[in-house]
Amino acid sequence: MLPDLRNKKIAIYGGSFNPIHIGHLLGAVSVKENFDFDYIIFIPANKPAHKELDSLTPSPTQRLRMTEMAVKGIDYFCASDVELKRGGVSYTIDTVDYFLNEHKVLPKPGVIIGTDLIPGLDSWKEIGRLSEISRLICITRDNQKTVNKYGIEFLNTPIIEMSSSFIRNRLNKGLNIDFMVTNNVKNYINKHKLYRI
C-alpha cells in the first residue's frame with residue numbers, strides 16, 4: 001500500500017531487483033538526502049525492456065516481495081506493484097505518467113538510474129519526453145560522468161560496489177550473502193531456494 005502521494009516530491013527507482021541489495025538501498029538514501037525527496041519508490045519491472053532475465057530469475061511477484069521486505073520499516077521508502085499490474089514490458093515513461101496522473105505527485109519526479117544505463121538511453125521509449133517531465137538522476141561513484149544529453153543530474157555517492165549478478169553467482173556457488181542483502185530478503189531467498197541451479 002502506497003502512502004498518500006498527492007503533492008509529494010517523489011523519486012522512482014525502477015529495475016529488475018533480481019535481487020534487491022544493500023547497494024540499491026544506500027544509493028537511494030543518498031538521493032533522498034541530496035535532493036530532499038519525500039519518498040523513494042522502488043518499482044520492480046514486470047519484464048525489463050532492455051535486459052534479458054535468465055531461467056533462474058524469480059517470478060515478478062517474488063521480486064516484488066523481496067523489494068517490499070527490503071524497504072519495510074523505512075518511512076521514506078516504499079515499493080509499488082504498478083509495473084506488475086500493468087503487465088507486459090515495463091517502460092519508465094509509462095510509470096512516470098502513472099504517478100503524475102493517478103497520484104498527482106509534484107511535477108518533475110526523479111528517475112534514478114545507474115551509469116550502466118546511460119549508453120542505452122537513446123533506445124528508451126519516449127526518452128525525450130521522459131527527460132522533460134522528470135529529473136534523471138544518475139548515481140555514480142568516483143565522479144564518473146558521461147556526455148549529458150538529457151539533462152542528467154549526477155550524484156557522486158559512496159555506494160557499495162555491489163551487483164545483483166554478483167549475489168546470484170555467490171548463491172549458485174553455495175556461498176553466503178550476509179550483509180549484501182537485508183536479513184529478511186536473505187531468509188526469503190533461502191526459504192524458497194531462489195537462484196539455485
Side-chain angles (χ1 to χ4, degrees), residues 1-48 51 53 57-86 90 92 94-96 98-100 102-106 109-114 116-117 134-139 141 155 157-168 171 177-192 194-195:
M1 176 78 71
L2 289 173
D4 182 2
L5 299 176
R6 183 179 294 269
N7 295 322
K8 298 298 184 182
K9 186 179 179 184
I10 71 162
I12 292 164
Y13 198 168
S16 55
F17 297 124
N18 186 29
I20 189 168
H21 55 69
I22 294 299
H24 292 129
L25 301 176
L26 291 177
V29 168
S30 291
V31 171
K32 164 75 167 69
E33 292 175 344
N34 283 274
F35 292 93
D36 196 31
F37 286 109
D38 295 309
Y39 294 101
I40 308 290
I41 304 175
F42 292 76
I43 306 175
N46 181 61
K47 183 179 179 184
K51 181 185 292 186
L53 300 179
T57 300
S59 69
T61 302
Q62 288 176 313
R63 289 186 286 109
L64 172 66
R65 183 68 186 120
M66 288 187 283
T67 303
E68 291 171 336
M69 289 177 167
V71 304
K72 184 177 181 181
I74 304 171
D75 291 342
Y76 50 85
F77 282 175
C78 45
S80 170
D81 63 357
V82 59
E83 294 189 354
L84 274 65
K85 283 185 174 177
R86 192 164 60 233
S90 299
T92 303
D94 297 336
T95 300
V96 171
Y98 167 79
F99 280 99
L100 285 169
E102 298 299 321
H103 287 276
K104 310 299 183 189
V105 299
L106 288 178
V111 173
I112 302 171
I113 61 174
D116 58 314
L117 297 179
S134 67
R135 299 172 67 184
L136 297 177
I137 300 169
C138 181
I139 299 174
R141 44 188 176 271
L155 173 62
T157 177
I159 187 170
I160 290 177
E161 186 71 45
M162 180 68 60
S163 71
S164 297
S165 59
F166 176 78
I167 292 169
R168 294 195 302 270
L171 288 165
I177 54 170
D178 292 336
F179 314 112
M180 299 174 199
V181 299
T182 59
N183 278 335
N184 51 8
V185 169
K186 181 187 74 171
N187 293 337
Y188 184 88
I189 288 171
N190 291 334
K191 177 181 178 180
H192 294 279
L194 301 180
Y195 306 111

Q. Considering the options Thr92, Asn46, Thr95, which one meets the side-chain hydrogen bond (donor to acceptor under 3.5 Å, both in side chains) requirement together with Glu83?
A. Thr95
Q. Stepwise, does the side chain to side chain contact (heavy atoms under 4.5 Å, CB included) test hold for Phe35 with Leu155?
A. CA-CA 10 Å; Phe35 292 93; Leu155 173 62; 4.0 Å; yes
Taking the side chain as every heavy atom from C-beta outward, state whether [X] and [Y] have any atom pair closer than 4.5 Å.
X: Asp38; Y: Ile10; answer: no
X: Val105; Y: Asn7; answer: no
X: Gln62; Y: Leu194; answer: yes
X: Leu5; Y: Lys104; answer: no
X: Leu171; Y: Phe166; answer: no
X: Ser164; Y: His24; answer: yes
X: Val31; Y: Ile40; answer: yes
X: Tyr13; Y: Leu25; answer: no

Q | Face-on cation placement of Lys32 at Phe37 ring, 6.0 Å and 45° thresholds | A | no
Q: Indicate whether the side chain of Thr57 and that of Arg168 have a donor and an acceptor atom separated by less than 3.5 Å.
A: no
Q | Donor on one side chain, acceptor on other, Ser59 and Thr61, under 3.5 Å | A | no
Q: Given side chain to side chain contact (heavy atoms under 4.5 Å, CB included), test Phe99 with Ile43 step by step and report yes or no.
A: CA-CA 12 Å; Phe99 280 99; Ile43 306 175; 3.6 Å; yes
Q. Do His103 and Tyr98 have ring centres separated by under 6.0 Å?
A. yes
Mind listing the closest non-hydrogen atom pair of [X] and [Y] along with its distance?
X: Ile112; Y: Ala11; answer: CD1-CB, 4.1 Å
X: Ser16; Y: Pro48; answer: CB-CG, 4.1 Å
X: Met180; Y: Met162; answer: CG-CE, 3.7 Å
X: Ile139; Y: Ala28; answer: CD1-N, 4.5 Å
X: Ile167; Y: Pro19; answer: CG2-CG, 4.0 Å

Q) Quick one: do Asp178 and Lys186 make a salt bridge, cutoff under 4.0 Å? A) yes
What side-chain donor-acceptor pairs closer than 3.5 Å can you find for residues 65-78, not counting sequence neighbours?
from: Thr67; atom 1: OG1; to: Arg63; atom 2: O; distance (Å): 2.8

(Q) Is the ring pair Phe17/Phe42 parallel, tilted or perpendicular, if the boundaries are 30 and 60 degrees? (A) tilted
Q.
Could you walk me through whether Thr182 and Ile22 satisfy the side chain to side chain contact (heavy atoms under 4.5 Å, CB included) test, starting with their C-alpha distance in whole Å, then the side-chain angles of each, then the deciding distance to 0.1 Å, before giving a yes or no?
A. CA-CA 7 Å; Thr182 59; Ile22 294 299; 4.2 Å; yes
